[in-house]
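These values consider heavy atoms only, across backbone and side chains, with no hydrogens, waters or symmetry-generated copies. When a residue number appears, it is its place in the shown sequence, counting from 1.
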Amino acid sequence: MLQLDTKLPGIGTTIFTVMSQLAMEYDAINLSQGFPDFPVPTPLLDLVEKYLRGGYNQYPPMAGVPYLREQIARKVGALYATDVDMDTEITVTSGATEALFVAIQATVRDGDEVIVFDPAYDSYDPAVKLAGGRIRHIPMDPPGFRPDWQRVRETINDKTRLIIINTPHNPTGSILEASDLTALADCIAGHNIFLLSDEVYEHMVYDGKQHHSLLTHDRLRERTFVVSSFGKTCHATGWKVAYCIAPAPLTTEFRKIHQFVTFTTHTPTQWALAEFMETCPEHYLGLSDFYQAKRDTFIDAMQGSAFQMTSTEGTYFQLANYSDISRMPDTEFARFLTTRAGVAAIPISVFYAEPPDTPIVRFCFAKDDDTLKRAASKLKAVEHA
C-alpha cells in the first residue's frame, strides 16, 4: 500500500471553508468568510470584457503586465510619497496568498524562526512549516490587540529571520500607528531580519485614521515585502489578483520562486485593473468612506443586542464579545449562531497558539445594507446560548 506522509500534520480545512459550508447547509446569512455580496464596479466589468474580447488572452510577462505595474507605482507614489520601480520592485501575483507564500519561501530556511502576532491569519503558519521554519507566536490581547514590542525584543534571537506584520489586521481590525513602525525598526536594528507586511486592507481605515504602510518607513522599506490585493479593493475576491512590492534584491529572489508557483496571472484582468486604476482612482480613494458607512450601518443595527462591540479601526471585519450571552467556546458559539440563529461568524481562537479567555467572534460587514440589517435582526434575538 502506498503511503504519503503529510508535510502539514494537524492542518485541516481552513475555518473559512468550514463556516461558509455550514452557512450553506443551514441557509444562514454568511458574515463569516470575507467576501462581498454586492457586485464589482460596472466600469471594471466593462473593461474586463473589453480586454477579453480584444485579444488579451495569452501569457503576460511573468512579473505582470507593465501597464498594471506602472499604475501600482503611481498609486504608491501618490498615497505614500514613496518611489518604487515598476520593473524591479513590483510583481503581480495570483492572489495575496500566493504572494505571502512566495515571500516566505524566499526568505525562510531550515531552522529559521518567524515571528507572527496572534491572532494570525491562517496561511502564515503552513507556509513557514513548508519552508522548514518555526513560528514564534506573540499574542495581542483584547480589547486593543496591540503588539508588545518589548516581547518582540525578548523573542528575537540569532535564528529569527522574518517578522510578519498585518495592518490593518485580520481578524481584529486594529491598525499600526507610526510609532509602531518606529518601535519595530528599533527592535530589528542590527539584526539580519526581513519583514513581510500583509497590507491587503490598506484602503479600509476609518474615523480619519491613516494607514501606515511599511513602504513609508526608510529603515523598514529596505528589508520588507509589502503585499496588497485587488480582490479586496475591487470587491472581486474570486479574481485572485494581488501584488508584492519589495526592493530589487528581494524581488529578484521573490520572482525566482513566483515563476515556478503560478508564473503568471490572468491577462485580461490585469489590463482591466490597470485601466480602472488610471481612469477611476476615486474608487480606491473613496473605499474607506464606503466601508465605514457599512461598519456604522451594522453597528447601529446591532444597538440593543446582547453583543458588546467597539467599532473596528480598519478592514471589513467587526469583532463582537458575547460574554453576556454564553460562556461556551467561540468555536461552539460560532456553530450555534450558524445553525440556530441563522448567521455565520468566525471564531478568533483558531488564529491563536494560546487563545485568550475573552469570548469573541468576527463578523464581515462587506455586505449589502439589507444583508447587514437582516443579520443584525437575527443576532439581536440571541440572548442565551
Does either side chain, that of R136 or that of T155, offer a donor lying less than 3.5 Å from an acceptor on the other one? no
Test of ring centre spacing under 6.0 Å for Y51 and Y56: yes
Any donor-acceptor N or O pair under 3.5 Å, side chains D37, T371: yes
Heavy-atom pair with the smallest gap, counting every atom of A242 and S228: CB-O, 3.0 Å
Under 6.0 Å between ring centres: does that hold for W149 and F117? yes
Report yes or no: do Y67 and E278 form a side-chain donor-acceptor pair below 3.5 Å? yes
Looking at K75 and E202, is any side-chain nitrogen of the basic one under 4.0 Å from a carboxylate oxygen of the acidic one? yes
Hey, would you say the Y352 and H137 ring centroids sit under 6.0 Å apart? no
Just checking, R362 and F317: is the charged tip under 6.0 Å from the six-membered ring centre and within 45° of the axis? yes
Hey, would you say the F263 and H258 ring centroids sit under 6.0 Å apart? no
Y201 ring center near Y291 ring center (under 6.0 Å): no
Could you report the tightest heavy-atom contact between L337 and A345, atom names first, then the distance? CD1-CB, 4.3 Å
Give a yes-or-no answer on whether the side chains of S197 and E199 include a donor-acceptor pair shorter than 3.5 Å. yes
Would you say the side chains of Q33 and S20 form a donor-acceptor pair under 3.5 Å? yes
For residues F290 and H235, establish whether the separation of their ring centroids is below 6.0 Å. yes
Please report the C-alpha distance between L215 and L220 in whole Å, then the side-chain angles of each, then the deciding distance to 0.1 Å, and finally whether the side chain to side chain contact (heavy atoms under 4.5 Å, CB included) criterion is met. CA-CA 7 Å; L215 291 169; L220 300 180; over 6 Å; no
